[in-house]
Amino acid sequence: MDLQKITEYLLDNDSTTRDITFTPAVLANVGPLIRLLMADYQQGIFFNQDGVQIEFDSQAICSSLDRGAVFVYGDLESETALFRKIKLFLDWEEEGLCAVELSFFPDDLQPDFKIEQFLSKLNLWWDTLQAREVFVRYENASWEQYNPNDLGVFYHQTRT
């Protein structure tokens with residue numbers, strides 16, 4: 001793993017987001033991820049698939065998941081978190097499983113960020129979700145989902 005290259009790709013200011021994508025996770029593991037995010041982010045806004053706003057509270061968001069929301073989108077902000085702004089996408093692909101993606105622009109990383117901090121945060125989220133794989137990639141609408149060899153993927157790990 002070339003940490004210098006990963007850093008370069010994370011900071012490449014090409015007007016697209018960087019996407020952290022996890023293979024679908026068990027729904028029960030998504031709530032703990034939301035609680036971790038809420039601990040880092042002091043403000044934001046969440047919506048369900050119908051565009052109805054969800055209260056900015058981990059319990060309210062988890063409750064909407066329990067009530068059968070099929071899609072949740074969130075914008076999170078913090079002055080002190082590693083990512084000053086990050087977007088969360090939750091999408092139910094299969095029964096009991098949830099696709100999770102976090103997106104950010106390179107400028108949203110703290111100016112003094114270190115790659116080790118990024119990998120530590122990434123691994124914390126991945127461990128919390130217990131997803132089989134994690135991908136970090138350039139935003140790419142034509143990405144063949146969960147393909148580690150697809151154009152734009154610059155970091156990929158598989159849980160054994």
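The figures that follow rest on heavy atoms only: side chains count, while hydrogens, waters and symmetry mates do not.
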Pairing residues for [X] by the ring-ring contact (aromatic ring centres under 6.0 Å, His included) criterion, not counting sequence neighbours:
X    : result
F47  : none
F113 : none
F104 : F83

Going by the rule salt bridge (Lys or Arg N to Asp or Glu O under 4.0 Å), which residues pair with [X] if we only count those two or more places apart in sequence or in a different chain?
X    : answer
D75  : K87
E133 : none
E77  : none

What pairs of residues pass the salt bridge (charged side-chain N to carboxylate O under 4.0 Å, His left out) test when at least one of them lies in residues 55-64, not counting sequence neighbours?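 Applying salt bridge (charged side-chain N to carboxylate O under 4.0 Å, His left out) to every pair that reaches into residues 55-64, excluding sequence neighbours, yields nothing.
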
Which salt bridge (charged side-chain N to carboxylate O under 4.0 Å, His left out) pairs, counting each pair once, include a residue from residues 142-160, with sequence neighbours left out?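 For residues 142-160, and leaving out neighbouring residues, the salt bridge (charged side-chain N to carboxylate O under 4.0 Å, His left out) pairs sorted by first residue read D127-R159.
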
Closest approach of [X] to [Y] (non-hydrogen atoms, all atoms of both residues):
X   : Y    : result
V72 : W92  : N-CZ3, 4.4 Å
C98 : L90  : SG-CB, 3.8 Å
D40 : A81  : O-CB, 3.8 Å
D12 : P106 : O-CG, 3.2 Å

[atom1]/[X] to [atom2]/[Y] distance, rounded to the nearest 0.5 angstrom?
X    : Y    : atom1 : atom2 : value
D50  : F71  : CG    : CZ    : 11.5 Å
N147 : F135 : CG    : CZ    : 7.5 Å
E8   : D2   : CD    : CG    : 8.5 Å
E139 : D19  : CD    : CG    : 6.0 Å
S58  : Y41  : OG    : OH    : 15.0 Å
I61  : F46  : CD1   : CZ    : 3.5 Å

Does any non-hydrogen side-chain atom of [Y] lie less than 4.5 Å from one of [X]?
X    : Y    : answer
Y146 : T21  : yes
Y155 : Y9   : no
I20  : V134 : yes
V26  : L97  : yes

Excluding sequence neighbours, so at least two apart, what forms side chain to side chain donor-acceptor pair (under 3.5 Å) with T80?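 T80 satisfies side chain to side chain donor-acceptor pair (under 3.5 Å) with S78 only.
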
Any residue meeting side chain to side chain donor-acceptor pair (under 3.5 Å) with T16, in chain and number order, not counting sequence neighbours: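 Only D14, R18 meet the side chain to side chain donor-acceptor pair (under 3.5 Å) criterion with T16.
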
Of all pairs that satisfy side-chain hydrogen bond (donor to acceptor under 3.5 Å, both in side chains), the ones with a partner from residues 107-118, not counting sequence neighbours: N13-D107

I'd like to know if the side chain of E101 and the backbone of F89 have a donor-acceptor N/O pair within less than 3.5 Å. no

Show your working on side chain to side chain contact (heavy atoms under 4.5 Å, CB included) between I54 and S64 and close with a plain yes or no. CA-CA 8 Å; I54 302 168; S64 75; 3.6 Å; yes

Would one find more than 12 heavy atoms of other residues, nucleotides or ligands at under 6.0 Å from atom CD of Q4? no

Using residues 30-37 as the side-chain source, report each donor-acceptor pair under 3.5 Å to any protein atom, sequence neighbours left out, with the distance given to one decimal.
none

Verify the cluster assignment for L102 and F105: are they in a single hydrophobic cluster under the rule of side-chain heavy atoms below 4.5 Å apart? no

Going only through I, L, V, M, F, W and Y residues with side-chain contacts under 4.5 Å, is there a path from L151 to F154?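 In one cluster with L151: F154, no.
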
Determine whether V136 and L10 satisfy the following criterion, side chain to side chain contact (heavy atoms under 4.5 Å, CB included), listing intermediate values before the conclusion. CA-CA 9 Å; V136 184; L10 287 171; 4.1 Å; yes

